[in-house]
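Structure, as structure tokens:
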Amino acid sequence: PHRHEASAARCGEAGVMGSADAAAVALAGRHATGDHDTSGWFVAVVVSVIGSGLTVGGFVLQKKAQRKASSLPARLVLGDILLTPNWLLGFFFAVVLPVPVQVFSYSRAPMSLMAPLSGVSVALNIVAAPMLLGERQQAWPDLPATSMILLGTLCTTAYGVHETPGNGHGENHLDEMSYLVHTPLSCWALALLLTSTAGCAAYMARRRAEIELAARTRPTNPNIAQVMLPAAASAGCGCIANMLLKFVGMLWRGHA
């Protein structure tokens with residue numbers, strides 16, 4: 001009987017060790033497949049910075065194309081924009097190409113880590129505008145404001161959450177995102193965002209002539225409220241676009 005008990009004990013120890021080895025192998029497999037890849041956020045940051053460079057480069061091309069538009073014959077016009085080949089090329093670099101870049105970045109890192117990296121575009125624009133467009137650089141308040149934005153971007157990148165956290169409301173991130181979208185807090189926040197964005201757009205459309213006249217009469221000292229209106233509307237649209245890109249990125253990674 002003692003021999004049988006000893007054999008059973010050894011079998012139990014072997015089973016525990018085997019389970020531990022299996023768990024270790026499974027964990028290694030998850031790391032290999034990228035489910036808990038700690039380097040994924042770094043790759044996402046690098047790709048996002050490259051996307052910022054593409055965006056700024058596209059804006060520079062569009063700005064140069066608009067400057068030459070007055071000397072070119074009108075062919076294809078959209079509002080006040082002359083759709084020249086250079087403008088369309090800039091649109092491709094600034095708008096079309098960054099979409100897959102952002103989808104990839106959002107699929108590899110949390111949105112709270114990636115969204116502040118848009119500050120890199122501001123910093124690159126401060127450098128590119130005087131060098132490539134010959135625009136006069138405003139030492140105040142552009143440089144202090146850009147420095148603060150860049151510092152905040154560095155802090156969020158270094159000390160922010162580097163992995164998408166789980167909240168226990170689903171088997172994967174898509175289930176968790178679906179749960180969060182349907183919470184009352186998310187619904188109220190989204191309704192407030194949509195309402196404020198639409199309100200800014202409607203106000204600008206209604207006071208279009210007044211805002212345009214003020215911009216022409218005060219080119220170097222514009223009304224700060226009128227400057228904030230398009231910024232607020234653009235920020236709202238960008239926030240909605242980022243949430244959609246995050247969802248697409250998680251959907252793509254879930255089926256990859």
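It should be emphasised that the depicted structure is a prediction, and the values quoted were computed from it without experimental measurement. Side-chain atoms are counted along with the backbone in the values below, which use heavy atoms only and exclude waters and symmetry mates.
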### Task
Report yes or no: does Ser186 contribute a side-chain atom to a donor-acceptor pair with the main-chain N or O of His182 at less than 3.5 Å?
no
#### Entry: Pro116 side chain reached by Thr157 side chain, heavy atoms, under 4.5 Å
no
### Message
Testing the basics here: between Cys239 and Met111, what is the closest heavy-atom pair and its distance to 0.1 Å?
### Response
O-CE, 4.3 Å
### Query
Any side-chain heavy atom of Phe93 within less than 4.5 Å of one from Leu61?
yes
### Task
Give a yes or no on whether the backbone of Leu143 and the side-chain of Thr146 come within a donor-acceptor separation of less than 3.5 Å.
no
## Note on the structure
Heavy-atom closest pair (Ser105 atom, Ala44 atom, distance to 0.1 Å) is OG-O, 3.4 Å
### Task
State, yes or no, whether a side-chain contact exists between Leu193 and Met243 at a heavy-atom distance under 4.5 Å.
yes
### Task
Please report the closest heavy-atom contact between Met204 and Ala233, naming both atoms and the distance.
CE-CB, 3.9 Å
### Query
Are Leu113 and Phe42 connected in the hydrophobic side-chain network, where two residues link if heavy atoms are under 4.5 Å apart?
yes
### Query
Which atoms form the tightest heavy-atom contact between Ser107 and Gly249, and what is the distance?
CB-O, 3.2 Å
## Note on the structure
The complete set of salt bridge (charged side-chain N to carboxylate O under 4.0 Å, His left out) pairs with one or both residues in residues 82-97, sequence neighbours excluded, reads none
#### Entry: For Glu210, the option from Arg207, Arg206, Arg208 that meets side-chain hydrogen bond (donor to acceptor under 3.5 Å, both in side chains)
Arg207
### Query
Going by heavy atoms in the side chains, are Leu133 and Lys63 under 4.5 Å from each other?
yes
### Query
With hydrophobic residues grouped by side-chain heavy-atom distances under 4.5 Å, do Leu213 and Val227 end up in a single group?
no
### In one Ile/Leu/Val/Met/Phe/Trp/Tyr side-chain cluster, 4.5 Å: Met114, Leu150
no
#### Entry: Cluster overlap Leu132 with Ile126, hydrophobic side-chain contacts below 4.5 Å
no
### Summary
In Val45, Val120, Val122, the residue satisfying side chain to side chain contact (heavy atoms under 4.5 Å, CB included) with Thr153 is Val120
#### Entry: Check: Val47 and Val101 side chains under 4.5 Å, non-hydrogen atoms
yes
### Message
I want to check something: taking the side chain as every heavy atom from C-beta on, are Phe91 and Leu83 in contact at a cut-off of under 4.5 Å?
### Response
no
### Query
Is any side-chain heavy atom of Tyr106 less than 4.5 Å from a side-chain heavy atom of Val248?
no
### Summary
d(Ile149 CD1, Leu154 CG) to nearest 0.5 Å is 12.0 Å
### Query
About how many Å separate OH of Tyr203 and CG of Leu229, when rounded to the nearest 0.5 Å?
6.5 Å
### Summary
Rounded to the nearest 0.5 angstrom, the OG1-CG distance for Thr156 and Leu117 is 6.0 Å
### Task
Verify the distance criterion only: is there a donor paired with an acceptor across the side chains of Ser118 and Ser121 at less than 3.5 Å?
no
#### Entry: side chain to side chain contact (heavy atoms under 4.5 Å, CB included) between Leu194 and Ile240, intermediate numbers included
CA-CA 9 Å; Leu194 292 173; Ile240 297 171; 3.2 Å; yes
### Joint hydrophobic cluster, Val127 plus Phe59, side-chain heavy atoms closer than 4.5 Å
no
### Query
How long is the gap from OG1 on Thr183 to CH2 on Trp188, to the nearest 0.5 Å?
13.0 Å
### Task
Measure the CG-OG distance between Leu124 and Ser52 for me, rounded to the nearest 0.5 Å.
6.5 Å
### Message
Please find the pair of heavy atoms, one from Ala225 and one from Asn223, that lie closest to each other, and give the distance.
### Response
N-OD1, 3.0 Å
### Message
Within this structure, what is the CG-CD distance for the pair Leu97 and Gln102, rounded to the nearest 0.5 Å?
### Response
10.5 Å
